[in-house]
Amino acid sequence: QQAQRPSGMPCPQCSGFIPVTMQQIIIDSSIICPHCGLRLNINQQESRQAIEALKKFQQVQNDFDRRSKSV
């Protein structure tokens with residue numbers, strides 16, 4: 001089985017890796033870099049379309065995972 005790389009992004013300030021999940025982006029209003037402490041604010045209103053797309057994708061992924069386990 002291939003190991004999955006954790007989801008996340010590079011910090012725009014220090015280039016350290018910021019682990020972040022879809023759930024965090026959907027729910028949280030900010031993400032904090034664990035290396036330098038930079039707070040990245042998520043404007044929920046301006047990002048509404050992207051967040052809705054993430055919610056749909058996550059639902060599809062959850063449904064797939066649930067079906068895979070029952071097979």
Side-chain angles (χ1 to χ4, degrees):
Q1 183 178 6
Q2 183 178 359
Q4 288 187 343
R5 190 175 89 185
S7 62
M9 61 186 195
C11 175
Q13 183 166 296
C14 74
S15 299
F17 185 75
I18 303 173
V20 64
T21 64
M22 279 192 289
Q23 191 68 20
Q24 286 175 295
I25 293 170
I26 292 168
I27 294 174
D28 295 342
S29 60
S30 64
I31 298 166
I32 299 173
C33 175
H35 305 284
C36 70
L38 177 70
R39 178 181 298 270
L40 300 168
N41 295 316
I42 301 170
N43 185 319
Q44 297 285 332
Q45 186 61 32
E46 288 184 16
S47 303
R48 186 178 70 247
Q49 286 182 313
I51 290 170
E52 287 302 317
L54 283 175
K55 286 179 183 179
K56 288 179 185 177
F57 180 79
Q58 187 170 39
Q59 184 60 48
V60 168
Q61 187 175 33
N62 290 344
D63 290 346
F64 177 80
D65 290 345
R66 205 173 12 256
R67 289 181 184 153
S68 294
K69 289 177 183 174
S70 66
V71 172

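Being a predicted model, the structure only gives us computed values, none of them experimental.
- I32 and L38 fall into different hydrophobic clusters, where Ile, Leu, Val, Met, Phe, Trp and Tyr side chains are chained together by heavy-atom contacts under 4.5 Å.
- Evaluation of the side chain to side chain contact (heavy atoms under 4.5 Å, CB included) rule for I26 yields I51, L54, K55, Q58 as partners, not counting sequence neighbours.
- Of all non-hydrogen atoms in Q24 and V20, the two that sit nearest each other are OE1-CA, 3.1 Å.
- Nearest heavy atom pair, residue Q44 against residue I27, reads NE2-O, 4.3 Å.
- To the nearest 0.5 Å, atom CZ of residue R39 and atom CD of residue Q13 are 13.0 Å apart.
- Partners of D63 according to the salt bridge (charged side-chain N to carboxylate O under 4.0 Å, His left out) rule, which considers only residues two or more places apart in sequence or in another chain, are R66.
- In this structure, the side chain of Q23 does not engage the main chain of D28 through any donor-acceptor pair within 3.5 Å.
- For P34, the side chain to side chain contact (heavy atoms under 4.5 Å, CB included) partners two or more places apart in sequence, or in a different chain, are I18, P19.
- Paired with F17 under the rule side chain to side chain contact (heavy atoms under 4.5 Å, CB included), one option of P6, C11, C33, P10 passes, and it is P6.
- Taking OG of S30 as the start and CD1 of I42 as the end, the distance is 7.0 Å to the nearest 0.5 Å.
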